[in-house]
2 protein chains.
Amino acid sequence: MLSTQLDATFSALADPTRRAILARLALGEASVMELAAPFAMSQPAISKHLKVLEKAGLVSRGRDAQRRPVKALAEPLAEATKWMETYRETLEMNFSRLDDLLEELKAEDAAKTARKTPKGETQ
Amino acid sequence: MLSTQLDATFSALADPTRRAILARLALGEASVMELAAPFAMSQPAISKHLKVLEKAGLVSRGRDAQRRPVKALAEPLAEATKWMETYRETLEMNFSRLDDLLEELKAEDAAKTARKTPKGETQ
DNA sequence: GATGTATATAACATTTTAGTTATAGAACTT
DNA sequence: AAGTTCTATAACTAAAATGTTATATACATC
């Protein structure tokens, strides 16, 4: 669980162009030109984005004559998803502990109030 | 579902120092000094990381005398998690369709072979 | 073999990011 | 009120990211 892998995955996902590319690739392989078409951006720019995605392991490249078809890979997402899930679980645990604490404090306070308030009286 | 929110979330998570800060905060509120302690990094550097996290909505700041306690917030994660889940689901759907296609091709091929092979013969 | 098409790379400019030190301000302590 | 503690900001530097244009390369086709 190298930190650098997570860095690469989250960095790759942090760019809207790259997320759009991945969204497109989720529907199936595509060539660089096909991927570049929807964007107001040069082909070399897209090639660079693809290099980022490839370094992060989010895509792999094939070979079909002059084309280098790009294919999405699912694996690297697992680690990133896991990090986020673990984080959220810890957060939630902490919140529920906080809730418990608040409950405790409330109960304690009620007890004190009860002690201060003579038997049978209400407040 | 502004793209810029996702950008901010993923960018924030792309840095190991910020992930460590969040991991620490998942256990409960902390002051800037407490957060800075484990890192070989100046206090202003940590303050900058906190500003990034705050802009992404991943933390909120409180006030306790000179301290500005930092608290983790869960909400922004939802969108990011959703993006990743949707992406993975689409990917998997596509893979299973590919599997179907391969099955089809195999069946087709088997049928052809059968036609080429006279009745009763095996190959 | 000349031409076209798909992609990668080089060289460059601009912006953003991540860190530094120095300093300022606000609130506590004595 | 003087000093200490906590945090933020300013000014700066260095490196990385994102885009550009021009060019090279590899294959396909005429």
Side-chain angles (χ1 to χ4, degrees), chain A residues 2-25 28-72 76, chain B residues 2-25 28-72 76:
Chain A
L2 262 181
S3 167
T4 55
Q5 174 58 54
L6 272 180
D7 291 4
T9 305
F10 283 128
S11 293
L13 296 178
D15 184 279
T17 302
R18 286 193 291 264
R19 283 199 307 276
I21 288 176
L22 288 179
R24 163 66 188 78
L25 288 175
E29 278 196 13
S31 73
V32 176
M33 288 313 255
E34 284 166 352
L35 291 173
F39 299 102
M41 205 180 287
S42 65
Q43 168 265 312
I46 301 295
S47 281
K48 278 195 190 180
H49 280 304
L50 291 174
K51 190 165 260 179
V52 173
L53 290 170
E54 195 179 1
K55 272 196 179 177
L58 287 162
V59 307
S60 70
R61 315 295 308 267
R63 170 67 79 180
D64 167 28
Q66 319 106 308
R67 281 178 219 99
R68 307 288 317 278
V70 190
K71 184 167 54 171
Chain B
L2 265 181
S3 167
T4 55
Q5 175 58 56
L6 271 181
D7 292 5
T9 306
F10 282 129
S11 293
L13 295 178
D15 184 280
T17 302
R18 286 193 290 266
R19 284 199 307 276
I21 288 176
L22 288 179
R24 163 65 187 78
L25 289 175
E29 278 196 13
S31 72
V32 176
M33 288 314 254
E34 283 165 352
L35 290 173
F39 299 103
M41 206 179 287
S42 66
Q43 168 265 313
I46 300 295
S47 282
K48 278 196 189 178
H49 281 303
L50 291 175
K51 189 165 258 179
V52 173
L53 291 169
E54 195 179 1
K55 273 198 177 176
L58 287 162
V59 307
S60 71
R61 314 296 307 267
R63 170 68 78 180
D64 167 29
Q66 319 106 311
R67 277 174 224 105
R68 307 287 319 279
V70 191
K71 183 167 55 171

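Given the structure is predicted, the values throughout are model-derived calculations rather than measurements. Order of the sequence lines sets the chain letters (A, B, ...), proteins ahead of strands, with each chain counted from 1.
- For the pair B:Leu50 CG and C:dG19 C1', the interatomic distance rounds to 15 Å; values are reported in whole Å.
- Using a 4.0 Å cut-off, no side-chain N or O of B:Ser47 falls inside it from OP1 or OP2 of D:dT7.
- Here C:dA26 presents its P atom at 17 Å from CG of B:Asp64, a figure rounded to the nearest Å.
- Between the side chain of A:Arg18 and the backbone N or O of A:Leu13, no donor-acceptor pair lies under 3.5 Å.
- For the pair A:Pro16 and B:Leu6, the minimum side-chain heavy-atom distance is 4.5 Å or more.
- Note: CD1 (A:Ile21) to P (C:dT7) measures 12 Å, nearest angstrom.
- Screening A:Ile21, A:Val52, A:Leu53 against A:Val59 for a side chain to side chain contact (heavy atoms under 4.5 Å, CB included) leaves a single residue, A:Leu53.
- Applying the 4.0 Å criterion to OP1 and OP2 of D:dC27, one finds that A:Arg68 has every side-chain N and O outside that range.
- Distance check, rounded to the nearest 0.5 Å: CG of B:Leu50 to CG of B:Leu58 gives 11.5 Å.
- Toward the 5′ end of DNA chain D lies the nearest nucleotide of B:Pro69, the other residue of the pair B:Pro69 and A:Val52 mapping further downstream.
- For the OP1/OP2 pair of D:dT9 and a distance below 4.0 Å, the side-chain nitrogens and oxygens of B:Lys51 include at least one atom meeting the criterion.
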Side chain to side chain contact (heavy atoms under 4.5 Å, CB included) for A:Ser47 and A:Lys51? Distances and angles first, verdict last. CA-CA 6 Å; A:Ser47 281; A:Lys51 190 165 260 179; over 6 Å; no
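- A distance-only check finds a donor-acceptor pair linking the side chain of A:Arg61 to the backbone of A:Arg68 [under 3.5 Å].
- OP1 or OP2 of C:dA8 has at least one side-chain nitrogen or oxygen of A:Arg61 nearer than 4.0 Å.
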Which donor-acceptor pairs under 3.5 Å do the side chains of residues 28-41 of chain A make with protein atoms, sequence neighbours left out?
{"residue": "A:Ser31", "atom": "OG", "partner": "A:Glu34", "partner atom": "N", "Å": "3.2"}
{"residue": "A:Glu34", "atom": "OE1", "partner": "A:Ser31", "partner atom": "N", "Å": "2.9"}

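- No engagement by B:Arg63 is indicated, since no non-hydrogen atom pair under 4.0 Å with the nucleic acid exists.
- Proximity of B:His49 to the phosphate of C:dT17: no side-chain N or O atom is located under 4.0 Å from OP1 or OP2.
- Rounding to whole angstrom units, CG of residue B:Asp15 and P of C:dT16 are separated by 18 Å.
- Atom-to-atom, CD1 of A:Ile46 to P of D:dT20 comes out at 9 Å; the value is rounded to the nearest Å.
- Residue contacts for A:Lys48: at a heavy-atom cut-off of 4.0 Å it reaches a base atom on one of the strands shown.
- Within residues 28-43 of chain B, the residues that place at least one heavy atom under 4.0 Å from DNA chain D are, in residue-number order, B:Ser31, B:Val32, B:Met33, B:Gln43.
- Side-chain proximity of B:Gln66 to D:dT21, D:dC6, C:dG4: nearest is D:dC6.
- At whole-Å resolution of the value, CZ in A:Arg67 and P in D:dC27 are 13 Å apart.
- Nearest-nucleotide mapping onto DNA chain D: of A:Pro44 and A:Ala65, the residue sitting toward the 5' end is A:Pro44.
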